[in-house]
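Read through the structure below, which is laid out as structure tokens, and then see the notes.
Predicted model only: the values in this text are computed from it and were never measured.
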Amino acid sequence: MKIGIAGAGAFGTALGVALALDGNTIHLWARDAERVTQMQETRENPKLPGVTLPQNMTFSAALEPLFACDTILIAIPAQTLPAFLTANVEALTGKTLVACCKGIDLQRMTGPASTIRDLVPHAQAAMLTGPSFAADIARGLPTALTLACADDALGAMLQTALSTTSIRLYRTTDTIGAELGGALKNVMAIASGVAIGAKLGESARAALITRGFPEMQRLALALGAQPDTLAGLSGFGDLVLTCTSDQSRNYRYGLALGSGTDFDLTTTVEGVATARAVRQLAQELGIDMPICAVVADLTEGKTDVATALNTLLSRPLKEE
Ligand SMILES: NC(=O)c1ccc[n+]([C@@H]2O[C@H](COP(=O)([O-])OP(=O)(O)OC[C@H]3O[C@@H](n4cnc5c(N)ncnc54)[C@H](O)[C@@H]3O)[C@@H](O)[C@H]2O)c1
Ligand SMILES: O=P(O)(O)OC[C@H](O)CO
């Protein structure tokens, strides 16, 4: 199958490598022409060091070859998705668009699949999400992910087409649950990083993960998600991975916040904008989301780690 991928960062490139090694023809679009030349000449992408890009992967900074593909995976940061869709709405109409980004759009308060549905109404929207680091996928390590598509027949086709010998896809029609699980776990990963960075200990991290999960569920269920989706790969699975591994950029950002050390702010850390979106959504919907609110305040410098901790610990005692 011929598959287009928009976004030549770590994840888009890793998916391209895995799908190309499985026999697909991959076209990868990068917005940066220098990156394209570099990938063509070296068969490597510095975002994914040590991984050779297969010969059945082509690259361009022009969009036309991408738009020649009927199925396009979109792996650019969540906050850049609306502008990409709006700028290319005509060319994307009629395509199958699989969002591979994780976040809630700060302007629209929607997850990636919903953003696609809103902005390109005559495309078919799906979502690929779940616990997976780009480096693991590119190296062919075993990974289980969620393919969410409201149209189950199309979802089944994508599940087969995008599964490989190392990537096992599970299918759901609950796109809301899949997009919210993937977005919210990044906020919890920042919180977990803060706890470890501030030397609060592993028990504190376990408390954050465990109390963070019902917080994720509260918002997701209020927005129409199914509980099973949150308990699956795209929710609980990705929460566990991202809160416990320093391969995660969200977690590493939290570590830096908690320990007061520097962090390269050009890094893609989706949980920062998502925390702000969630704080606003929770206020509007009257939903209690204390961990997300504290993370949003911390990232904006509105509170410090000691005050944030006190805010969480001084809440009224309640039933579990
Ligand atoms: N890296 C992972 O392990 C991983 C795993 C699962 C999901 N994701 C998700 O994939 C998405 C992309 O993450 P990544 O790891 O590839 O990030 P990255 O920082 O490695 O790459 C992001 C890419 O997007 C491009 N980009 C940025 N703004 C753009 C714009 N306006 N238009 C077009 N391209 C633009 C950049 O040039 C860069 O190539 C994120 O939502 C992330 O949560 C990443
Ligand atoms: O590096 P992060 O924190 O964006 O996490 C990557 C993936 O989302 C993990 O599933």
Side-chain angles (χ1 to χ4, degrees), residues 3-61 65-66 72-80 84 98-103 128-145 162 164-168 182 185-186 189-190 192-193 196-197 238 241-256 259 261-272:
I3 300 168
I5 301 180
F11 197 47
T13 308
L15 287 171
V17 170
L19 290 165
L21 289 175
D22 210 57
N24 297 285
T25 301
I26 301 298
H27 183 76
L28 183 62
W29 170 74
R31 63 172 174 169
D32 179 0
E34 273 179 40
R35 175 62 46 85
V36 169
T37 308
Q38 190 181 28
M39 289 191 291
Q40 283 165 339
E41 287 177 358
T42 66
R43 304 305 300 183
E44 284 204 19
N45 181 339
K47 288 268 187 183
L48 212 51
V51 173
T52 302
L53 307 178
Q55 291 300 329
N56 49 339
M57 245 178 123
T58 54
F59 319 100
S60 73
L66 179 75
I72 299 176
L73 312 189
I74 307 182
I76 60 177
Q79 301 305 320
T80 70
F84 174 78
V98 183
C100 303
C101 41
K102 298 176 181 174
L128 181 62
T129 183
S132 55
F133 289 123
D136 294 347
I137 288 204
R139 284 177 176 77
L141 300 180
T143 317
L145 297 175
L162 301 177
T164 72
T165 47
S166 56
I167 304 175
R168 182 174 169 79
K185 65 85 189 177
N186 280 333
I190 295 176
S192 295
I196 297 300
D238 213 353
L241 178 75
T242 318
C243 289
T244 57
S245 170
D246 56 15
Q247 276 193 73
S248 159
R249 296 159 296 188
N250 287 279
Y251 177 74
R252 287 203 305 274
Y253 174 65
L255 279 179
S259 59
T261 49
D262 289 340
F263 187 83
D264 175 3
L265 293 172
T266 63
T267 309
T268 301
V269 181
E270 295 280 30
V272 173

Does Leu241 reach the side chain of Phe133, with side-chain heavy atoms less than 4.5 Å apart?
-> yes
Around Arg43, counting heavy atoms of other residues, nucleotides and ligands shown, do more than 12 lie under 6.0 Å from its CZ?
-> yes
Heavy-atom nearest pair, Ala20 first then Pro54, reads CB-CG, 3.8 Å
When rounded to the nearest 0.5 angstrom, what distance separates OG in Ser192 from OH in Tyr251?
-> 7.0 Å
Partner of Lys102 under side-chain hydrogen bond (donor to acceptor under 3.5 Å, both in side chains), chosen from Asp238, Asn186, Thr268 | Asp238
Nearest heavy-atom contact between Met39 and Ala30 is CE-CB, 4.4 Å
Atom pair CE/OG1 of Met57 and Thr52 - distance to nearest 0.5 Å | 11.5 Å
For Pro65 and Ser60 the tightest heavy-atom approach is CG-OG, 3.7 Å
Indicate yes or no: at least one non-hydrogen side-chain atom of Ile26 is less than 4.5 angstrom from one of Ile5.
-> yes
Rounded to the nearest 0.5 Å, the CZ atom of Arg249 sits from the CG atom of Asp246 at a distance of 13.5 Å
So how far is it from Thr129 OG1 to Leu145 CG, rounded to the nearest 0.5 Å?
-> 7.5 Å
Identify the two heavy atoms, one from Asn56 and one from Asn24, that lie closest to each other, and give their separation to 0.1 Å.
-> ND2-O, 2.9 Å
Look at the side chain of Asn250 and the backbone N and O of Gly271, then say whether any donor-acceptor pair between them is shorter than 3.5 Å.
-> yes
For the residue pair Leu15 and Leu128, establish whether any side-chain heavy-atom pair is separated by less than 4.5 Å.
-> yes
With side chains defined as the heavy atoms from C-beta onward, is the minimum distance between Glu270 and Pro77 less than 4.5 Å?
-> yes
Do Ile3 and Leu162 come within less than 4.5 Å of each other through their side chains, counting heavy atoms only?
-> yes
Report yes if some heavy atom in the side chain of Phe59 is under 4.5 Å from a heavy atom in the side chain of Leu53; otherwise report no.
-> yes
Short side-chain to backbone donor-acceptor contact, Ser248 and Thr244, under 3.5 Å | no
Pairwise side-chain contact, Ser166 with Leu141, heavy-atom cut-off 4.5 Å (strictly under) | no
Nearest-0.5 Å distance that lies between atom CD1 in Ile190 and atom OG1 in Thr242 = 11.0 Å
How long is the gap from CG on Leu19 to CD1 on Ile167, to the nearest 0.5 Å?
-> 5.5 Å
Check the side chains of Asn45 and Thr13 for a donor-acceptor pair under 3.5 angstrom, ignoring hydrogens and angles.
-> yes
Go through Val272 and Tyr253 one step at a time and tell me if the side chain to side chain contact (heavy atoms under 4.5 Å, CB included) criterion holds.
-> CA-CA 9 Å; Val272 173; Tyr253 174 65; 3.5 Å; yes
Answer yes or no: is there a side-chain heavy-atom contact under 4.5 Å between Trp29 and Val36?
-> no
Shortest non-hydrogen contact between Gly7 and Ile76, atoms and distance = CA-CG2, 3.7 Å
Would you name the heavy atoms of Val269 and Phe263 that are closest together and state the gap between them?
-> CG2-CE2, 3.7 Å
